[in-house]
**Q** 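Have a look at the structure that comes next, please.
Protein chains get the first letters and strands the later ones, always in sequence-line order, with residue 1 at the start of each.
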Number of protein chains: 2
Amino acid sequence: MSESENTPSRGTGTVPTRALPVPCARCPLRRLPAFRAFTEAELAFVQGFKAGELTVTAGSDVLLAGHNNAQVFTLLRGWAFRYILLPDGGRQILNFVLPGDFLGLQTSVFDVMEHSVEVLTDAQLCVFPRKELWSLYRDQPGLAFDVTWLAAHEEALVDDNLASVGRRNALGRIAFLLLHLFRRLEGLAQVAGDTCDFPLTQQHIADATGLSLVHTNKTLRRLVRGKLVELGGGRLRLLRRDGLEQLAGDPGREPRPRPFI
Amino acid sequence: MSESENTPSRGTGTVPTRALPVPCARCPLRRLPAFRAFTEAELAFVQGFKAGELTVTAGSDVLLAGHNNAQVFTLLRGWAFRYILLPDGGRQILNFVLPGDFLGLQTSVFDVMEHSVEVLTDAQLCVFPRKELWSLYRDQPGLAFDVTWLAAHEEALVDDNLASVGRRNALGRIAFLLLHLFRRLEGLAQVAGDTCDFPLTQQHIADATGLSLVHTNKTLRRLVRGKLVELGGGRLRLLRRDGLEQLAGDPGREPRPRPFI
DNA sequence: CGCGAAGTTGAAACAGGTCAATGCTTGTGG
DNA sequence: CCACAAGCATTGACCTGTTTCAACTTCGCG
């Protein structure tokens, strides 16, 4: 049982966990109000679909552009991000991946990834064999629809990011990014009051917003000096959410109940 | 049979065509090598799924953000684009929609659109009742998978655009946009030699690339003066494709066979 | 012929990029 | 326990790509 035929080995390391996988019925994510309820049949199917779990350390690539993996994943714990490397060496972060998000659909659908996915924190993923995705479509139309939901949801995230990078100035882009992440974490019950975990470096923020590192720093300092946010020690605190919303020019949307494979 | 309960009426007008709909088996798009072959059963299902055709004039909105349509569409003829309006009045074009692309999936999946779709030229769309999408998932897993393919494909387009807007300068963004559209048209056999139709105004290019109108104009002129492209009369001619590819820093990908609903 | 939409151009202002240097942590090995 | 390196954050000075403003022209069309 070699470590990985199909998982890329770049980065700090990709180590299958030794611990026993959690049964889907007792998956902690499923309990969250954000996720829709499953039927017994669906739960049983997903349980059979699940091939194991993958534990990776911060900085590892889980999926690499140009490769085709034998597995697809659901992120269970931790943060990740999808990104594209440009020929000139620049990196564009497309969106951040939070627990419950599905990874690697492109592998199943195009046979090759056109972006990469790197894990931002130590993380745990649920592993599904890509081949079986077809039987999911054949036997579980409800779940197939959920996969489509997840794909459309991810696209909506990228749409918003494109609009932000294309049309807002530095202050607005960063305000929007912080707000957006905070809102998503709220849906996952990972917010305490006005504070949440925030494992991004300024380089990540720069790569996500299309700004330079230096300008990102200066803009962040402005937000901090203006007492809109506090940032440090891997935590983010929104002091004046209304102020951020105004900067981002974004009143926010109410979250929707979401599916989950 | 009133003109439209469910189609938005903004823009020049949305008029159901009077002509008889083309049967799917004789759909001119399906003949293109770009599209995958259907089984008899699939073809029959799609034929039953099809509720009619919609003919719209240039400038009409087919789908509006915040609304929920009773139909979803496949673009049969013409050009369209997906866009988001920002509170400050700015418009970001997310991607351009060409024949064979699917429109309105968000309506089915989220119950409401988060972007709008406007038609750029006179256009013709194939209309499907949104309610029936569920039976497609139930009875035609192959087609359901195709819907997912189309969603993932659209997301890949937006990914590329985000990377372009976030990381390239004006020259690169515009070069990339022109190249990308040209490549997609090649797949649709709508290219003659080095020339294709090109119905975009400079405002569209500006809104797609995140540039100002003025700077878009100046950058386009640079490309023209540098004899990389010719542009005018609604046509685009790529004089030095390699030069554009270099500016865009993009060697290009070979196209993949694609599904089509 | 005249009007509105689209394209063109120059000048000035500014947001953001680039370069360069400094500090602050944290982890590692001697 | 200290020295050192590596990664990350911070800041100032300078430069440039892009925006904004304000004309003016050309094109398409009724």
**Q** Side-chain N or O of A:Arg221 versus OP1/OP2 of D:dT11: is the shortest distance under 4.0 Å?
**A** yes
**Q** Any base atoms under 4.0 Å from B:Thr201, or only sugar-phosphate, or nothing? Heavy atoms, all strands.
**A** sugar-phosphate
**Q** Which of the following nucleotides, C:dG7, D:dT18, D:dT11, is nearest to the side chain of A:Val214?
**A** D:dT11
**Q** Quickly work out the B:Asn169 CG to D:dT16 C1' distance and round it to whole Å.
**A** 12 Å
**Q** For A:Leu120 and D:dG7, what is the distance between atoms CG and P respectively, to the nearest whole Å?
**A** 16 Å
**Q** Nearest to the side chain of B:Asn217 - C:dT8, D:dT11, D:dC21?
**A** C:dT8
**Q** From C-beta outward on B:Lys218, which listed nucleotide comes closest to its side chain: C:dT18, C:dG17, C:dG10?
**A** C:dG10
**Q** Students often get this wrong, so: under 4.0 angstrom with heavy atoms, is B:Gly232 touching a base, only sugar-phosphate, or nothing?
**A** nothing
**Q** Any luck finding a side-chain donor-acceptor pair between A:Asp242 and A:Gln246 under 3.5 Å?
**A** no
**Q** Starting at CZ of A:Arg168 and ending at P of C:dA15, how long is that distance when rounded to a whole Å?
**A** 18 Å
**Q** Do B:Glu114 and B:Gln106 meet the criterion of a side-chain donor-acceptor pair at a distance under 3.5 Å?
**A** no
**Q** Return the nearest nucleotide to the side chain of B:Ala170; candidates are D:dT10, D:dT18, C:dG17.
**A** D:dT18
**Q** Using a 4.0 Å heavy-atom cut-off across all strands, classify B:Gly233 as base, sugar-phosphate, or nothing.
**A** nothing
**Q** From CZ of B:Arg222 over to C1' of C:dT9, roughly how many Å is that when rounded to an integer?
**A** 15 Å
**Q** May I have the distance from A:Phe198 (atom CZ) to D:dC8 (atom C1'), rounded to whole angstrom?
**A** 14 Å
**Q** Decide yes or no for B:Asp101 and B:Phe96: does some side-chain heavy atom of the first lie under 4.5 Å from some side-chain heavy atom of the second?
**A** no
**Q** Might you point out which heavy atoms bring A:Leu120 and A:Pro199 nearest each other, and give the distance in Å?
**A** CD2-CG, 3.9 Å
**Q** Would you mind reading off the distance between B:Leu223 atom CG and C:dT8 atom P, rounded to a whole angstrom?
**A** 12 Å
**Q** Whole angstrom is fine here: how far is it from CG in A:Leu213 over to C1' in D:dT11?
**A** 12 Å
**Q** Is there a donor-acceptor contact under 3.5 Å from the side chain of A:Arg168 to the main chain of A:Ala248?
**A** yes
**Q** What is the nucleic acid contact for B:Leu220, judged by heavy atoms within less than 4.0 Å: base, sugar-phosphate only, or nothing?
**A** nothing
**Q** Measuring to OP1 and OP2 of D:dT10, would you say a side-chain N or O of A:Gln202 lies under 4.0 angstrom away?
**A** yes
**Q** Report the distance from atom CZ of A:Arg173 to atom C1' of C:dG17, rounded to the nearest whole Å.
**A** 12 Å
